[in-house]
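Just the heavy atoms: all of them, side chains too, but no hydrogens, waters or symmetry mates, feed the values below. In what follows, chains carry the letters A, B, and so on, assigned in the order in which the sequence lines appear, proteins first and then strands, with residues in each chain numbered from 1.
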Amino acid sequence: MDKITRIVYPLVGIVGLIAVWHFYVVWFNVPMAVLPKPLAVWDAIVKNWPLLLDEGKVTLMESVYGFLLAFAFGVPLAVAISSSRVLNLMFYPLLIATQSLPKVALAPLLLIWLGTGIESKLAIAWLVAFFPIVVDTATGLRGTPAEFLDLATSVRANGWQTFWKIRFPAALPFVISGSKVAITLAVIGAVIGEFIGSNEGLGNLLLVANSQVNTALAFAALFGLAVLGMALYAAVAGVELALKPWFGDMRHG
Amino acid sequence: MDKITRIVYPLVGIVGLIAVWHFYVVWFNVPMAVLPKPLAVWDAIVKNWPLLLDEGKVTLMESVYGFLLAFAFGVPLAVAISSSRVLNLMFYPLLIATQSLPKVALAPLLLIWLGTGIESKLAIAWLVAFFPIVVDTATGLRGTPAEFLDLATSVRANGWQTFWKIRFPAALPFVISGSKVAITLAVIGAVIGEFIGSNEGLGNLLLVANSQVNTALAFAALFGLAVLGMALYAAVAGVELALKPWFGDMRHG
Amino acid sequence: MVALEQVNYRLEQGSLVALLGPSGCGKTTLLRMVAGMTKASTGKIEIRGREVDGPQDDFGFVFQTPNLLPWRSVLNNVLFPMEIKHRLDRAARARAMELLTLVGLDGFARSRPHELSGGMKQRVALCRALIHQPSLLLMDEPFGALDELTRMEMHDLLLNIRKVTGATVMFVTHSVSEAVYLADDILVFSRRPGRVIDQIKIDMAYPRNHEIRFSREFNDYERRASAGLGVLHGHG
Amino acid sequence: MVALEQVNYRLEQGSLVALLGPSGCGKTTLLRMVAGMTKASTGKIEIRGREVDGPQDDFGFVFQTPNLLPWRSVLNNVLFPMEIKHRLDRAARARAMELLTLVGLDGFARSRPHELSGGMKQRVALCRALIHQPSLLLMDEPFGALDELTRMEMHDLLLNIRKVTGATVMFVTHSVSEAVYLADDILVFSRRPGRVIDQIKIDMAYPRNHEIRFSREFNDYERRASAGLGVLHGHG
Amino acid sequence: AAQAPALTPVTFSLDFRALGRHAAWYVALDKGYYREAGLNVTIIAGQGTAQAIQALESGIVQFAFSDVAGLVAARANSNATAKMVAVIYQKAPYAVFSWRSGVNVTRPEQLQGLEIGSGAGSFTQKVIEAFMTERGLSRPATYTNVDPSARIGMLAAKRIPAIETFVMSQPGIHRAIGAGETSTFLLADHGLMLYSNGILVREDYLKANPALVRGFIAASLRGWRDTIANPGEAADIVVRLNRGLEREVALEEIAIVNNLVVTPLSRRGGIGVIDADQMQHSVDLILKTTGGARVTAAQVYDASFLPQPPVTP
Ligand SMILES: Nc1ncnc2c1ncn2[C@@H]1O[C@H](COP(=O)(O)OP(=O)(O)OP(=O)(O)O)[C@@H](O)[C@H]1O
Ligand SMILES: Nc1ncnc2c1ncn2[C@@H]1O[C@H](COP(=O)(O)OP(=O)(O)OP(=O)(O)O)[C@@H](O)[C@H]1O
Ligand SMILES: [Mg+2]
Ligand SMILES: [Mg+2]
């Protein structure tokens with residue numbers, strides 16, 4: 001019963017949106033070059049199914065690897081920042097500064113440094129995704145409940161032990177909550193990377209379709225990206241759900 | 001003393017970064033078209049100071065208004081989502097889907113709908129910034145401490161009163177924490193808007209400089225954006241700090 | 001009249017009854033049902049008679065935690081129920097200040113909750129429960145989180161307030177000595193599903209002071225209540 | 001020998017001393033200083049003699065809250081100190097199970113903390129403090145958050161454990177009856193800055209049971225401790 | 001201005017953001033040619049030729065500066081109804097840049113097997129292929145997608161041997177790697193015959209406002225004539241109206257586009273002239289490279305709105 005509503009209501013939402021879209025195009029006579037009808041997009045999806053799947057796989061890989069990179073760099077950086085006030089003061093403002101820079105503007109630089117291979121795409125996905133991981137992980141690491149630290153002191157745990165056995169596991173729910181944001185950003189990063197320099201992926205398909213004013217195909221690519229983003233988000237949310245019993249009575253979920 | 005370290009360390013961080021950049025350019029003989037020397041950027045900043053200031057003002061306005069829009073729409077949406085399970089199930093997946101779409105790809109559509117005036121820039125800034133506000137506000141609204149709700153029941157507060165006098169103020173720290181993320185995103189949104197169709201703003205300046213391979217000026221524009229982003233972030237963080245006594249012993253914030 | 005399973009109890013106007021029972025036996029649930037805050041899921045609760053007329057509105061509730069709203073000043077926390085009931089007038093303010101004076105917090109009206117200690121917060125919560133002059137005061141382990149000394153001070157404060165306002169009080173606790181010290185009547189509950197297994201009338205004159213805690217009489221009441229709870233039978 | 005301001009106290013091997021005092025008088029601080037967890041910021045704390053030899057390592061600490069790590073099973077929580085001390089061997093596991101059996105939780109070794117009630121959690125914390133067979137057990141209001149009935153059960157459990165393990169115990173509380181029921185010796189502290197204002201030797205034989213709470217003797221001890229705390233003088 | 005007759009507001013979308021190459025439009029605006037034609041023109045920046053057509057189709061602009069290739073694609077793929085009413089770039093601006101000390105592309109044969117930095121789905125790639133096929137060069141070039149913003153940097157950093165971009169980017173490339181170091185291979189100078197950018201109007205608008213369209217075209221062409229005659233003045237105007245532009249760069253760009261606009265044909269037939277044969281040839285070439293649905297040359301242009309007598313440079 002509950003499972004059904006969990007599927008039915010989102011579908012109702014999507015169907016409603018599509019209906020609004022359809023009638024908007026019909027009633028306002030919107031030209032196809034601007035906004036195709038949902039049906040035209042659907043046709044494009046059906047017709048280009050294998051293409052979407054192939055390109056989607058490429059973008060998926062870039063997103064996942066970019067996210068993993070962001071994770072692999074973001075967590076240690078968060079550790080450094082949260083364990084040293086000096087490092088925090090030195091790098092936090094820089095971190096915030098990088099966040100307000102449009103990644104599209106930095107992407108050419110990365111392309112020139114890293115070439116047109118997968119590296120530059122990963123770098124951009126990484127750059128986009130790692131901020132929320134760093135911020136949330138650092139928040140979690142700094143927010144270790146004082147009682148747990150007291151426990152560590154009482155058993156004479158050294159800094160290393162305190163970190164690995166207390167601070168880090170206690171911060172895990174925060175790491176995951178940052179990852180939820182990071183994973184959708186990683187998709188965007190991968191697409192930006194494809195925009196700037198790539199011959200494959202959904203972002204590239206989007207550009208190609210756009211340059212030929214093939215709006216139906218462009219929307220099909222956008223649809224693919226939306227599905228990809230939701231799937232990856234759902235995956236991380238699933239990890240979170242699976243870990244919940246692990247962190248039973250901790251405040252942050 | 002503490003105030004001094006709070007200024008000195010970030011400066012050390014920035015100076016360090018600049019030094020790395022300088023020696024990278026010098027030692028690897030990086031062409032100016034790829035990465036100018038810090039000094040060249042500094043010259044560009046000094047020379048184009050009034051221009052940067054003027055364009056910065058434009059981008060500032062777009063960012064702030066876009067943020068305010070995101071706030072004005074995001075908070076009610078969060079209220080709707082958090083107070084109705086049905087709405088939540090219907091729209092949350094769509095929300096996540098919009099998040100994994102590259103805004104750069106949607107921007108032309110918005111431009112066509114809203115024209116090339118400030119509206120389209122605000123719409124993009126809004127689109128980019130409102131997600132964290134919605135998510136955090138909804139989290140806050142759903143997380144009203146049960147004790148407060150008990151209090152509301154015990155004094156027979158109706159739904160409206162419970163919302164305005166309990167749920168909403170209790171969620172404020174979350175709203176602000178979402179706003180901190182949203183404000184830097186609003187800057188990015190404004191820049192994307194300028195990329196797509198504008199004759200002013202730092203984003204436009206960046207592109208103009210790029211297309212003339214005036215990399216020093218392009219970096220000066222990037223510098224302006226970074227400063228803008230940090231200033232806006234600091235402003236929201238300041239609001240957060242100012243409100244802290246208000247929420248003295250609340251867990252979050 | 002409160003009916004819970006087989007036991008009837010007549011709550012006298014102006015009396016203080018303590019509900020004493022082990023954790024999880026349903027004391028909170030009972031109190032919330034009296035207040036109309038929770039519907040009985042199993043069993044029935046009936047309230048009638050003039051003593052507790054219209055409980056839905058005419059009661060004040062004090063929770064185990066102070067539940068003060070951190071973004072409101074002490075005064076505004078006290079006035080919160082009046083605001084909800086659209087009765088936020090000059091008289092209400094005057095009464096709030098009177099109550100704060102009564103609990104010794106008139107100097108803290110403009111303070112924020114986080115500046116107060118636990119005991120002070122619970123005193124504010126008490127004022128808030130009394131602001132609309134309810135004829136029934138429902139208290140759910142209000143002093144459970146306080147240390148024993150602060151708790152004793154609060155006991156005397158409660159007895160004093162009750163004398164001044166004439167309120168009827170239902171007081172949930174799992175402390176035997178607290179129940180004996182405060183109450184006219186103690187209802188002792190069994191483990192789940194909470195049945196009233198003993199009803200003890202405490203015949204000690206008010207005002208009481210803490211010396212009586214060491215009196216034979218007090219001791220006998222404590223022993224009877226403890227026996228009812230089954231504390232003493234575990235280790236004969 | 002623990003010296004706090006003017007008072008010296010000789011802690012006998014195997015004895016249980018209760019530190020009784022009002023909130024904020026420095027009991028926790030004193031306990032943490034004994035454990036070497038906090039450095040004395042004002043005043044000095046000296047520890048010497050064979051009774052409390054090398055307190056930096058040879059003690060177990062039980063906090064006011066259970067402080068169990070939610071991501072570890074009950075057994076792994078108990079074993080946590082051994083893991084830190086790199087002594088996680090078969091003997092340690094066996095001892096952990098022994099201790100869990102002693103507190104009646106052998107069936108919960110694989111459970112997670114959030115599946116336990118407050119009293120059960122505190123029992124796990126007790127096992128954790130005892131796992132490395134410390135000669136000194138430091139307890140900081142360990143049962144403050146429990147309801148009175150659970151608390152009484154824990155009292156008997158603690159006395160039993162102490163009999164079995166022979167541990168020396170320093171027990172911080174602000175409950176007079178708890179102090180009297182448990183201790184060989186009570187140190188009564190004044191309000192800040194905590195001076196020891198009374199030292200009460202409790203001459204009641206172990207094992208004690210809750211009947212004695214209603215004895216004349218118990219009552220007299222309670223009265224003396226309360227007087228020391230100043231509870232009784234407020235309301236002559 | 002007191003008692004000026006009411007001006008009709010129209011919006012004109014450029015193909016990219018305003019640069020030196022767009023000076024002529026600003027000259028027409030600044031010198032009041034549009035106003036004289038009864039128009040209050042707003043010039044807005046574009047984000048590529050395809051997007052300019054989208055803006056036109058959606059009606060947020062009435063005139064767009066875009067290319068024949070984009071127009072044919074839009075008609076084939078999205079039922080667009082735009083028509084070209086004046087061809088400004090008589091020669092296609094497609095060019096291949098390389099290091100003189102590197103592959104140094106100066107002859108068509110050198111394109112064979114060359115790695116060229118290009119845009120995703122770029123039409124230029126197809127043009128280069130068609131161009132090579134016409135010359136019997138069988139081995140195609142390879143293309144790597146590099147965003148325009150990164151292309152010059154990639155060449156400067158020698159991460160790619162050659163790039164294709166509009167010839168108007170030459171000043172930037174000269175600045176990045178030095179004029180003496182660069183070789184520019186403009187396909188049009190080696191026999192490529194392809195119409196490129198011009199003024200686009202939607203069919204229905206064309207029908208409804210013929211006089212207005214005529215006025216707009218004439219005013220625009222006057223702007224172009226002035227720009228060709230006096231590049232220095234045009235550079236001053238475009239730099240004044242668009243902040244961040246550098247005058248020297250603008251001046252160089254103007255010189256380059258003038259070379260695309262002024263051909264023997266336009267000297268005779270006037271700026272913007274549309275030659276039926278050349279248009280037919282262009283559309284054929286485009287359809288050959290893109291495939292797509294049947295679009296005829298007659299559908300994509302209408303030369304009847306050009307001023308008489310022609311505006312000759
Ligand atoms: N009469 C009842 N009707 C419905 N539910 C009950 C009843 N009695 C107890 N319960 C259930 O038993 C559980 C414990 O009840 P409650 O919280 O009222 O106990 P309590 O005596 O207040 O315990 P504590 O002293 O720990 O606060 C609740 O989940 C409640 O739903
Ligand atoms: N001897 C002391 N040396 C240093 N600081 C002390 C001392 N005694 C008390 N303090 C300070 O007084 C405050 C209260 O101390 P502490 O927490 O030990 O009190 P407590 O008796 O444990 O109170 P509670 O019963 O509320 O837990 C602390 O902030 C502590 O720093
Ligand atoms: Mg209860
Ligand atoms: Mg303490």
Is A:Leu114 in contact with chain E via its backbone, its side chain, both, or neither, using a 4.5 Å heavy-atom distance? backbone
Between A:Val30, A:Leu111, A:Leu207, the one whose heavy-atom pairs under 4.5 Å with chain E are most numerous: A:Leu111
Checking heavy atoms, do the side chain of E:Ala157, its backbone, both or neither come under 4.5 Å from chain A? side chain
Interface of chain E and chain A, donor-acceptor atom pairs under 3.5 Å:
from	atom 1	to	atom 2	distance (Å)
E:Gln54	NE2	A:Ala33	O	2.9
E:Asn77	ND2	A:Gln212	O	2.7
E:Ser78	OG	A:Val213	O	2.3
E:Gly121	O	A:Ser211	OG	3.1
E:Asn145	N	A:Asn199	OD1	3.2
E:Asn145	O	A:Ser198	N	3.4
E:Asn145	ND2	A:Glu194	O	3.3
E:Asn145	ND2	A:Ser198	O	2.5
E:Asp147	N	A:Ile196	O	2.4
E:Arg159	NE	A:Ile112	O	2.4
E:Arg159	NH2	A:Trp113	O	2.9

